[in-house]
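We count residues from 1, following the sequence as given.
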Amino acid sequence: MAIDFINNCSIISQYCVFCDLPTRTSAQLCKGCFADLPWLTKQCFRCALPLPYSSRDQLCRSCLHTSPSFYQTTALFRYQFPIDLLMPKIKQQQQRYHFKWLAQCIAKNLDPQQMLTQALIPVPIAKSKLLRKGYNQAAQLAFELSRQLQIKLDTTTVTKNRNTQAQAELGASARKNNLRGAFDINKHNYRHLTIIDDVMTTGATANEIARALLNSGVEQVDVWIIARTVL
């Protein structure tokens, strides 16, 4: 497992970010807490919404009614304790070292078809916001995945053309309107791409980017995320 790899690479005693017990991992995560994380094992093939049953190509009711523009989503966790505490720390305290073990876990959950993607596209943020924050967490995760999987990282094909209101502040319908036309697609020759983000709530952001990519000639768009919110 990824945690074993982390343990073998570290000789410095640290403290687990969740339980404060000593741990010898560069991720500052003990084996017990790693095992107890809210792993998402039963999910909708299309949008990764948690389901009460497990089937390789099972779709949730929403995706059966209206299929999103992306083809498949891979998510590690339900967005609940303690992941809902970890993600804000990564964003607000810039604890970027977590992206290494998170990327390792995502990589272990991919199937051969997903590995055929031609490039990883991190969800972009507007230039003004990037200057204010200093970094884009989706881009950092995409960088780690690119390095580990030897898949091209592309931060120029999809760009965000304006600042938008934070999605977390909006309802489901407002999220769609908030992002409409917010992403520009530059010239490319891709047929299969993967969007990288940290958390998916309604899927509005990924869907808007995927829609724009499909309109530009891409044939398949997948999504890889750390966590999926339970609606």
Side-chain angles (χ1 to χ4, degrees), residues 1-44 47-54 60 73-111 114 120 122-123 125 129 133-149 166-169 194-203 205-206 223-231:
M1 296 179 69
I3 196 68
D4 295 322
F5 174 83
I6 295 169
N7 282 331
N8 292 335
C9 290
S10 177
I11 59 173
I12 302 175
S13 293
Q14 303 185 64
Y15 293 92
C16 178
V17 295
F18 295 128
C19 69
D20 288 330
L21 290 176
T23 177
R24 298 175 67 85
T25 76
S26 59
Q28 293 183 304
L29 188 66
C30 72
K31 288 185 176 181
C33 286
F34 182 86
D36 289 339
L37 290 174
W39 297 96
L40 183 51
T41 57
K42 301 174 182 179
Q43 57 186 271
C44 172
C47 73
L49 188 70
L51 297 175
Y53 39 79
S54 180
C60 66
T73 300
T74 293
L76 290 177
F77 308 112
R78 293 171 178 261
Y79 191 65
Q80 61 188 46
F81 182 83
I83 296 300
D84 57 355
L85 299 182
L86 177 65
M87 300 312 298
K89 285 185 177 181
I90 293 176
K91 291 182 179 182
Q92 298 166 13
Q93 301 177 22
Q94 298 192 18
Q95 296 183 4
R96 306 183 196 184
Y97 54 86
H98 288 293
F99 288 123
K100 183 175 182 179
W101 70 268
L102 288 168
Q104 289 171 342
C105 293
I106 291 176
K108 288 182 175 294
N109 279 273
L110 302 175
D111 60 42
Q114 292 171 290
L120 306 181
V123 170
I125 59 178
K129 186 175 182 180
K133 290 184 60 178
Y135 87 113
N136 176 359
Q137 64 271 8
Q140 187 68 36
L141 176 61
F143 171 81
E144 282 294 339
L145 285 164
S146 173
R147 183 181 64 82
Q148 294 179 26
L149 298 174
Q167 290 288 88
E169 301 172 358
T194 297
I195 298 169
I196 306 298
D197 204 359
D198 52 359
V199 179
M200 178 185 288
T201 302
T202 65
T205 301
V223 183
W224 302 347
I225 58 174
I226 295 172
R228 181 65 159 93
T229 298
V230 181
L231 299 176

Is it the case that atom OH in Tyr79 sees more than 12 heavy atoms from other parts of the structure closer than 6.0 Å? yes
For Ile225 and Ala227, the nearest pair of non-hydrogen atoms, with its separation, is CD1-O, 3.3 Å
Value rounded to 0.5 Å, distance of CZ in Phe18 from CZ in Phe34: 10.5 Å
Quick one: does Leu141's side chain get under 4.5 Å of Pro122's, heavy atoms only? no
Considering all heavy atoms, the nearest Gln148-Lys100 contact: NE2-O, 3.2 Å
Within-4.5 Å side-chain heavy-atom neighbours: Leu120 and Trp224: yes
Apply side-chain contact (heavy atoms from CB on, under 4.5 Å) to the pair Thr74 and Leu110, showing each step before the final yes or no. CA-CA 7 Å; Thr74 293; Leu110 302 175; 4.1 Å; yes
Checking Arg96 side chain against Ile90 main chain: does a donor-acceptor pair fall under 3.5 Å? no
In this structure, OG1 of Thr41 is separated from CG of Leu51 (nearest 0.5 Å) by 10.0 Å
Which distance, rounded to the nearest 0.5 Å, do you find between the CD of Gln80 and the CG of Leu85? 11.0 Å
Does any N or O in the side chain of Asn109 come within less than 3.5 Å of the main-chain N or O of Ile106, such that one atom is a donor and the other an acceptor? no
How far does CG of Leu29 sit from OH of Tyr15, to the nearest 0.5 angstrom? 16.0 Å
For a quick test of reading the model, state the closest non-hydrogen atom pair linking Ala103 to Glu144 and the distance between them. CB-CB, 3.7 Å
Would you please classify the geometry between the Trp39 ring and the Phe77 ring as parallel, tilted or perpendicular, with 30° and 60° separating the classes? tilted
Could you report the tightest heavy-atom contact between Ile226 and Met87, atom names first, then the distance? CD1-CE, 3.7 Å
Restricting to non-hydrogen atoms, name the atom on Ala75 and the atom on Gln43 that form the minimum distance, rounded to 0.1 Å. O-NE2, 3.3 Å
Please check this pair: side chain of Asn136 against backbone of Val123, looking for a donor-acceptor N/O pair closer than 3.5 Å. yes
Gap between atom CG of Leu86 and atom SG of Cys33 - 0.5 Å precision: 11.0 Å
For Pro50 and Arg228, work out which heavy atoms get closest and say how close. CD-CG, 4.0 Å
From NZ (Lys91) to CD (Gln137), nearest 0.5 Å: 5.0 Å
Backbone of Ile83 reached by a side-chain donor or acceptor of Arg78 within 3.5 Å: no
